[in-house]
Amino acid sequence: MKPLIDLIRTKSSQRVPIWFMRQAGRYLPEYRALRAQQPDFLKFCYTPKLAVEATLQPLKRYDLDAAILFSDILVIPHALGQHVGFEEGVGPILGDFHLKNLKIDRLEQTLSPVFEILTTLRACLPPHISLIGFSGAPWTLYCYMIEGRGKRGFSKAIAWGQENPQQFREVMELLTDAVVAYLKHQVRAGAEVVQLFDTWAGEAPQDLYEIGVVKPVTKIVKELKAFSAQVPLMGFPKNIGERIVPYVKETGIDVLSLDPTFNPEALAQILPQTVYQGGLDPELVVLGGEAMIKKADTYLKAFKNRPYIFNLGHGLLPKTPPENVQKLIDHVRKMNVDG
Ligand code: 1CP
């Protein structure tokens, strides 16, 4: 009935469901047109009519098994009271970080449009499509909150955590509570599975890793399971290398989203109980052609007799030709039929 959720629950390997991280967004001309209606990106995310439409756009084009809520991970710092802006060509820019100014009590109200978006989506999606909610994981949110922006290295976030161990614990606890509250509301509103994006997990030095990455994610999984045992959790701890095995065992996540650095053949042997997802380098979908198909096949073959969800090792890039996405989907569907 719902290929994605059924696969996670039954751990079946019969059919490979497919969705993409950042399946909505700037590589689609229809998204760029919709986005032109609201230049302020946060306002766009908080306008149900626009965010619902952005979520549905890739499903109108492609045969996918899931819709992922259109939003951004940085709505949490915003809901806690930190200034968050998005600048064209630059990305997110956050205001100064002051722990004492962050408050969790307005989170539900500030993020209420997100819950409305999920409820609307759940009501209009066809029954075979699973609705994915998401949140940034605490460590990745912390990195943006301290650095004030993304991608350019995290030396400030690392130094702050090492120099202020007590406050670091406090921020992590606050962010963990915020993510738990946020995801519970998402589930109440209609999310059927949730993904934790920990894009910068690999940047965490060993002395911050347990408190910054493993402990928060473990608590989030535990609290969400206690709230609703039915809702699977997907984890995307990008670039954590050999820390992957203890991560899966300790956190208890149901689905492991792979980044391109993992060797799928080796991993399939090491963690045979885990449901795997993704892995293909998004640059290969920009390239298309034989290179894309050949690499997609290595994942499909490595996980042939395991529960596997097709996806990428990171989000679709803005320069991706939409026709390459179509070709990739056609290929995965064909492999399902041909074996
Ligand atoms: O101009 C625009 O239209 C804004 C570009 C954009 C979009 C389309 C941003 C700003 N965020 C999003 C949507 C988004 N972000 C989604 C929903 C789309 C979908 O999946 O279909 C999701 C799940 C995210 C999650 C997100 N935001 C992550 C985690 C996943 C990942 O890609 O690593 C991260 C790190 C962010 C931060 C962020 N938001 C936007 C940008 C450009 C960035 C990256 C900033 C950086 O570090 O350089």
Side-chain angles (χ1 to χ4, degrees), residues 18-47 50-62 64 66-78 84-94 114 117-118 121 129 131-154 157 179 182-183 186 191 193-203 234-239 257-260 277-278 281-282 311-320 322 325:
I18 180 165
W19 70 281
F20 296 105
M21 290 192 265
R22 300 273 180 119
Q23 63 190 28
R26 288 169 293 177
Y27 76 107
L28 291 177
E30 59 270 33
Y31 170 79
R32 296 195 295 269
L34 188 69
R35 190 61 175 84
Q37 293 182 31
Q38 178 47 272
D40 181 327
F41 183 62
L42 260 191
K43 280 192 187 146
F44 184 92
C45 290
Y46 293 148
T47 306
L50 297 174
V52 166
E53 180 57 25
T55 307
L56 296 175
Q57 282 178 340
L59 290 126
K60 290 180 180 158
R61 256 185 195 259
Y62 306 122
L64 297 162
I68 176 162
L69 162 72
F70 190 90
S71 186
D72 194 77
I73 61 166
L74 298 175
V75 297
I76 288 203
H78 177 246
V84 176
F86 290 85
E87 237 168 70
E88 183 76 48
V90 179
I93 297 185
L94 287 78
V114 176
I117 293 159
L118 284 166
L121 285 166
I129 306 277
L131 179 56
I132 304 174
F134 74 88
S135 172
W139 167 261
T140 291
L141 296 174
Y142 164 81
C143 286
Y144 282 102
M145 291 168 81
I146 297 280
E147 295 287 340
R149 49 183 68 202
K151 245 186 200 163
R152 299 192 313 187
F154 296 97
V179 171
Y182 184 42
L183 290 179
Q186 289 194 19
V193 40
V194 293
Q195 172 137 337
L196 277 174
F197 286 101
D198 218 347
T199 307
W200 307 120
E203 308 284 330
M234 301 166 163
F236 179 52
K238 190 162 179 276
N239 285 348
S257 261
L258 305 176
D259 66 65
Q277 167 168 284
D281 189 336
N311 202 320
L312 307 179
H314 201 183
L316 277 163
L317 295 160
K319 60 188 173 181
T320 309
V325 177

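On a predicted model such as this, the values are computed, not experimentally measured, just so you know. Each ligand, and each atom within it, is numbered from 1 in the order the structure gives. What you see below is based on every heavy atom in this structure, not just the backbone, and it leaves out hydrogens, waters and symmetry mates.
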Check your understanding: Does ligand 1 have any atom sitting under 4.0 Å from a heavy atom of S71?
Key -> yes
Revision key, fill the gap. Going by the 4.0 angstrom heavy-atom rule, the piece of R149 near ligand 1 is neither
Suppose we measure from [atom] to each protein heavy atom; which comes out shortest, and what is that distance?
atom: atom 36 (C) of ligand 1; value: R22 NH2, 3.4 Å
atom: atom 12 (C) of ligand 1; value: F41 CZ, 3.4 Å
atom: atom 31 (C) of ligand 1; value: H314 NE2, 3.2 Å
atom: atom 46 (C) of ligand 1; value: Y144 OH, 3.4 Å
atom: atom 39 (N) of ligand 1; value: D72 OD1, 2.7 Å
atom: atom 29 (C) of ligand 1; value: T199 OG1, 3.4 Å

Point to revise | Qualifying side chain to side chain donor-acceptor pair (under 3.5 Å) pairs with a residue from residues 33-44, counting only residues at least two apart or across chains | key: Y31-R35
Review point. Which is closest to atom 3 (O) of ligand 1 in terms of heavy atoms, Y31, F44, F20?
Key: Y31
Exercise for review: Quick one: sort the Y142 and W139 rings into parallel, tilted or perpendicular, breaks at 30° and 60°.
Suggested key: tilted
Revision key, fill the gap. Across all chains, not counting sequence neighbours, the side chain to side chain donor-acceptor pair (under 3.5 Å) partners of H314 are none
Exercise for review: Consider every N or O of T140 and every N or O of ligand 1, then say whether any pair is closer than 3.5 Å.
Suggested key: no
